[in-house]
Amino acid sequence: QVQLEESGGGSVQAGGSLRLSCVVSGPTYSNQCLGWFRQTAGKEREGVARILTGDRNTDYAGPVRGRFTISHDNAKNTMYLQMNSLTPEDTAMYYCAAGLTYDCYSGSWRRRLDYYGQGTQVTVTS
């Protein structure tokens, strides 16, 4: 099955930036749906951004649009999330995830994908 491993989390002051990385291994295919999710205590995990590895089509959740940028390096099988202008509300455990092409186009990626990494903590202090 697909395996994902995140890195790059940490603590940053409000207004700062972080870049998360996710190495994807195992069975992959062209135009795979990859995404980033985040979760805080007591809340459901929510989709933050997603990308299709073939056509590079991207989509974002409203609260992060214009501040976060998702990208994917096919040669390295690595996905990134560049997070700028961070606020304390962005504090969460961040997970990378993988799913089917349909998940990206249907919008269902916002709720869930099939495979998740272990997560990396992002803390934004005011």
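Since the structure is predicted, the reported quantities are computational estimates derived from the model, not experimental observations.
In this view, Asn57 and Arg50 satisfy the side-chain hydrogen bond (donor to acceptor under 3.5 Å, both in side chains) rule, not counting sequence neighbours. Checked against ring pair (Phe, Tyr, Trp, His ring centres under 6.0 Å), Tyr116 has the following partners two or more places apart in sequence or in another chain: Phe37. Annotation: side-chain hydrogen bond (donor to acceptor under 3.5 Å, both in side chains) contacts of Tyr94 (sequence neighbours excluded): Arg38. Looking at residues two or more places apart in sequence or on another chain, you find a side-chain hydrogen bond (donor to acceptor under 3.5 Å, both in side chains) between Ser108 and Asp103, Ser106. Taking the side-chain hydrogen bond (donor to acceptor under 3.5 Å, both in side chains) definition, one finds that Thr125 meets it with nothing, sequence neighbours left out. Residues meeting the salt bridge (charged side-chain N to carboxylate O under 4.0 Å, His left out) test with Arg67, sequence neighbours left out: Asp90. The salt bridge (charged side-chain N to carboxylate O under 4.0 Å, His left out) test applied to Asp114 returns Arg112, not counting sequence neighbours.
Other members of the cluster containing Tyr105 are Leu52, with ILVMFWY side chains joined at under 4.5 Å, either directly or via other members. Apart from Val23 itself, the hydrophobic cluster it occupies contains nothing, where clustering links Ile, Leu, Val, Met, Phe, Trp and Tyr at side-chain heavy-atom distances under 4.5 Å.
Nearest heavy atoms, Tyr95 versus Gly117: CD2-O, 3.4 Å. Of all non-hydrogen atoms in Met83 and Leu86, the two that sit nearest each other are CB-CD2, 3.8 Å. Contact detail for Trp109 and Val48: the closest heavy-atom pair is CZ3-N, 3.8 Å. Nearest heavy-atom pair, Thr53 versus Arg56, reported as atom, atom and distance to 0.1 Å: O-NE, 3.5 Å. Summarising the geometry of Arg45 relative to Gln39, their closest heavy-atom pair is N-NE2, 3.7 Å, with the distance given to 0.1 Å.
Side-chain contact between Asn31 and Asp55 is present, with at least one heavy-atom pair separated by less than 4.5 Å. Contact annotation: the side chain of Leu18 never approaches that of Val124 to less than 4.5 Å [non-hydrogen atoms, C-beta and beyond]. Side-chain atoms of Thr40 and Glu46, non-hydrogen and from C-beta on, never get closer than 4.5 Å to each other. Within the 4.5 Å cutoff, no side-chain heavy atoms of Gln82 are placed close to those of Ile70.
Residue Leu81 is grouped with residue Ile51 when hydrophobic side chains (ILVMFWY) are merged at heavy-atom distances under 4.5 angstrom, including chains of intermediate members. The same ILVMFWY cluster, assembled from side-chain heavy atoms under 4.5 Å apart, contains both Val24 and Tyr115. Both Leu34 and Leu20 are part of a single hydrophobic cluster, where members link through side-chain heavy atoms under 4.5 Å apart.
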Let me check something: any side-chain donor-acceptor pairs from residues 3-16 under 3.5 Å, sequence neighbours excluded? List them with distances.
residue, atom, partner, partner atom, Å
Glu6, OE1, Gln118, N, 3.1
Glu6, OE1, Gly119, N, 2.9
Glu6, OE2, Cys96, N, 2.9
Glu6, OE2, Gly119, N, 3.1

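Residues Ser17 and Asn84 have side chains that bring a donor and an acceptor to within less than 3.5 angstrom of each other.
Sparse packing is recorded around CZ of Arg111, with 12 or fewer heavy atoms of other residues, nucleotides or ligands lying under 6.0 Å away.
Pairs of residues two or more places apart, or lying in two chains, never qualify as ring pair (Phe, Tyr, Trp, His ring centres under 6.0 Å) while including a residue from residues 59-81. Listed by first and then second residue, the disulfide bond (SG atoms under 2.5 Å apart) pairs that reach into residues 34-78 come to none, sequence neighbours excluded.
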